[in-house]
Every structure is written in structure tokens, then in C-alpha cells.
Amino acid sequence: MIWLSEKIEFPPYELATDDGLLALGGDLSAERLVYAYQHGIFPWFNEGEPIVWYSPWERMVLFPEEVKISKSMKQVLRKGGFTITENKAFDEVIFNCRHINRFDQLGTWITDEMEDAYINLHDKGYAKSIEVWMDDKLVAGLYGVDLGNGVFCGESMFSKVSNMSKVAFIHLAKKGGYKLIDCQVYNDHLASLGAREIPREEFLRWLKE
């Protein structure tokens with residue numbers, strides 16, 4: 001396994017393992033994170049572990065025009081009763097993404113170091129949040145990295161009220177103005193919303209266009 005040096009660079013993505021693991025170590029500086037996302041690489045690790053960097057062979061993405069809105073979600077959107085904002089409460093969104101109970105996962109991968117790193121990215125204009133409010137209370141949201149090239153790299157989402165994270169995601173797809181939303185790896189929830197896997201080479205081409 002390749003350990004990163006202080007220099008901001010990564011090994012060729014062809015050296016990634018079958019599950020996409022590419023390198024270990026380095027840091028979560030804004031410069032390294034932006035460089036990584038620009039090259040289709042993202043960090044994913046647990047507290048107490050070294051930083052682990054991934055470049056999956058298959059990339060889960062959503063083309064915004066392909067977002068699926070079920071009949072029940074159309075009813076939710078028509079009913080309203082919520083307010084959507086952008087970049088109003090980034091710190092709160094990432095805090096909730098980290099601490100929300102997830103019945104399908106063991107713990108969280110958002111460590112102290114990760115939380116601080118993405119707040120720093122947000123402060124520098126590279127990370128974005130979408131918030132959903134009900135009665136002036138934050139009930140759902142998502143955050144990710146905005147590369148400024150039409151690609152939004154989603155990181156995590158949370159919901160305290162049923163369907164509200166879907167509201168945030170659909171808003172991102174419909175109103176975000178992106179050509180592609182990076183969802184990183186496959187899961188059934190994202191697939192139900194229209195996301196699908198594409199080869200890494202195709203994803204990298206979208207990053208460069």
C-alpha cells in the first residue's frame with residue numbers, strides 16, 4: 001500500500017485495489033482535498049485510523065435530469081410546509097450528519113478531523129450545504145464539495161423527519177445547476193432516486209469537461 005508524503009500528489013488510479021483503496025496517510029488540508037476531488041479521489045476512514053483515500057472502479061453518480069421523484073414524493077413536495085436554504089447552516093448540517101442515528105451503519109465515518117476539514121473547505125468556498133427547515137428548526141440537510149466545474153461531490157445527508165433528506169437531494173438535482181452529482185459508492189437509497197454507476201474513466205472525463 002502506498003503512503004503519501006507531504007507533497008500533494010496521489011499514485012495513479014490504476015493502482016487502486018479492487019474495492020477502490022488507493023493510498024494511506026497525508027493530511028486533510030484544503031489544498032490536498034481539493035486536489036483529490038479534482039482527480040476523483042475522496043477520503044473515507046474511521047476515528048483512530050490513518051487517512052484512507054479511495055478511487056472506486058465504478059462511480060455512483062446522478063445525472064440531474066435523471067432524478068426520480070416518486071408519486072408519494074411529489075405529494076410531499078406539493079404539500080410543502082418546509083423551507084429550503086443553501087449555505088445557511090453548514091456547521092449544523094455536518095454536525096447532524098455525524099451524530100444522527102443510522103440504523104444501517106455501525107457508527108460514523110465523520111471524525112473530528114473530517115468535520116474540521118470540511119468546515120474549513122466551506123469557509124474557503126469549496127464546500128456547500130443545503131438545509132431543510134420546518135418551524136424554524138433544521139430537520140434535514142446534505143453537504144458536499146463544489147468543484148466549480150459543474151460537478152457536486154456529495155458527502156453525507158441526514159434527516160430527522162421522514163422524506164426531508166430526499167427534499168434536499170431533489171432540490172440539489174433540480175435547482176443546483178450541476179451537470180453531475182457524485183454519490184461516490186452504490187447504495188439502494190440513492191439508486192431509488194435515479195443515481196447509477198458509471199466507469200471511473202467516464203467519471204474522470206466529466207471532471208475535466
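Nothing fancy with the numbering, it's 1 onward along the sequence. Bear in mind that the values here come from a model prediction, so they are computed numbers and not experimental data.
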Requested in this report: Heavy atoms only: give me the nearest Val167-Met73 pair and the separation to one decimal.
Outcome: CG2-CE, 3.9 Å

Report task. Report yes if the distance between the aromatic ring centroids of Trp206 and Phe63 is under 6.0 Å, otherwise no. Result -> yes

Query - Note: Glu202-Arg59 ion pair, threshold 4.0 Å (strictly below) - result: no

Report task. Work out which heavy atom in Leu15 is nearest to a heavy atom in Leu22; give both atom names and the distance. Result -> C-CD1, 4.3 Å

Query raised in the report: Considering only heavy atoms from C-beta outward, does the side chain of Tyr178 approach that of Val151 to under 4.5 Å?
Result: no

Requested in this report: Identify the heavy atoms of Pro64 and Ala173 that sit nearest to each other, and give their distance.
Outcome: CB-O, 3.4 Å

Query - Nearest-0.5 Å distance, OG of residue Ser156 to CG of residue Leu142 - result: 9.0 Å

Query raised in the report: Would Ile41 and Tyr13 count as a side chain to side chain contact (heavy atoms under 4.5 Å, CB included) if you check the C-alpha gap in whole Å, the side-chain angles of each, and the deciding distance to 0.1 Å?
Result: CA-CA 9 Å; Ile41 302 164; Tyr13 64 79; 6.0 Å; no

Query raised in the report: Strictly by modelled atom types, are Tyr186 and Asp188 linked by a side-chain donor-acceptor pair under 3.5 Å?
Result: yes

Query raised in the report: Sub-3.5 Å donor-acceptor pair from the side chain of Trp53 to the main-chain atoms of Gly25, do we have one?
Result: yes

Query - Ring centre gap for His99 and Phe95 strictly below 6.0 Å - result: yes

Query raised in the report: Where is the tightest heavy-atom contact between Cys183 and Leu190, given as atom of each residue plus distance?
Result: CB-CD1, 3.5 Å

Query - Heavy-atom side-chain contact between Glu66 and Arg196 under 4.5 Å - result: yes

Requested in this report: Before giving the answer on side chain to side chain contact (heavy atoms under 4.5 Å, CB included), spell out for Phe45 and Glu113 the whole-Å C-alpha distance, their side-chain angles and the decisive distance to 0.1 Å.
Outcome: CA-CA 11 Å; Phe45 61 101; Glu113 190 177 8; 4.2 Å; yes

Query raised in the report: So, Glu86 and Lys128, do they make that salt bridge, N to O below 4.0 Å?
Result: yes

Query - Donor-acceptor pair, side chain of Asp135 and main chain of Lys137, under 3.5 angstrom - result: no

Query - Step-by-step side chain to side chain donor-acceptor pair (under 3.5 Å) determination, Tyr126 to Asn120 - result: CA-CA 9 Å; Tyr126 291 109; Asn120 182 42; over 6 Å; no

Query raised in the report: Within a strict 4.5 Å, meaning less than it, do heavy atoms of the Tyr143 and Asn96 side chains meet?
Result: no

Query - Geometric class of the Tyr35/Phe10 ring pair [parallel <30°, tilted 30-60°, perpendicular >60°] - result: parallel

Query raised in the report: Atom CD in Gln38, atom CG in Leu33: separation rounded to 0.5 Å?
Result: 11.0 Å

Query raised in the report: Just how far is it from atom OG of Ser55 to atom CZ of Arg200, taken to the nearest 0.5 Å?
Result: 4.0 Å

Query raised in the report: Does the side chain of Phe90 come within less than 4.5 Å of Ile119's, by heavy atoms?
Result: yes

Query raised in the report: Is there a path from Trp57 to Leu207 through hydrophobic residues (I, L, V, M, F, W, Y) whose side chains come within less than 4.5 Å of each other?
Result: no

Query raised in the report: Sub-3.5 Å donor-acceptor pair from the side chain of Glu155 to the main-chain atoms of Val145, do we have one?
Result: no

Requested in this report: Establish, from distance only, whether the side-chain atoms of Glu47 and Thr111 form a donor-acceptor pair under 3.5 Å.
Outcome: no

Query - Closest contact, heavy atoms only, Gly26 versus Ile51 - result: O-CD1, 3.7 Å

**Report entry** Stepwise side chain to side chain contact (heavy atoms under 4.5 Å, CB included) check, Thr85 with Ile130
**Finding:** CA-CA 6 Å; Thr85 59; Ile130 293 177; over 6 Å; no

Query raised in the report: Tell me, do Met164 and Val76 make a side-chain contact under 4.5 Å, heavy atoms counted?
Result: yes

Requested in this report: Find the distance between CE (Met60) and CG (Asp182) and round it off to the nearest 0.5 Å.
Outcome: 11.0 Å

**Report entry** Met157 side chain reached by His189 side chain, heavy atoms, under 4.5 Å
**Finding:** yes

Query raised in the report: Rounded to the nearest 0.5 Å, how far apart are CG of Leu193 and CG of Leu172?
Result: 11.0 Å

Requested in this report: Give the C-alpha distance, both sets of side-chain angles, the deciding distance and a yes or no for side chain to side chain contact (heavy atoms under 4.5 Å, CB included) between Arg32 and Glu9.
Outcome: CA-CA 8 Å; Arg32 189 183 296 274; Glu9 62 181 5; over 6 Å; no

Requested in this report: Give, for atom CD1 of Ile69 and atom NZ of Lys74, the distance between the pair rounded to the nearest 0.5 Å.
Outcome: 6.5 Å

Query - Test item: Trp3 and Pro50 side chains (from C-beta on) under 4.5 Å apart, heavy atoms - result: yes

Report summary line: Heavy-atom nearest pair, Cys153 first then Leu147, reads SG-CD1, 3.9 Å

Requested in this report: Ignoring hydrogens and angles, tell me if any N or O in the side chain of Asp146 forms a donor-acceptor pair with the backbone of Ala127 under 3.5 Å.
Outcome: no

Query raised in the report: Judged by atom type as modelled, is there a donor-acceptor pair below 3.5 Å linking the side chain of Glu92 to the main-chain atoms of Ala89?
Result: no

Query raised in the report: For Lys179 and Asn149, does a side-chain donor sit closer than 3.5 Å to a side-chain acceptor?
Result: no

Query raised in the report: Do the two ring centres, one from Phe42 and one from Tyr37, sit under 6.0 Å apart?
Result: no

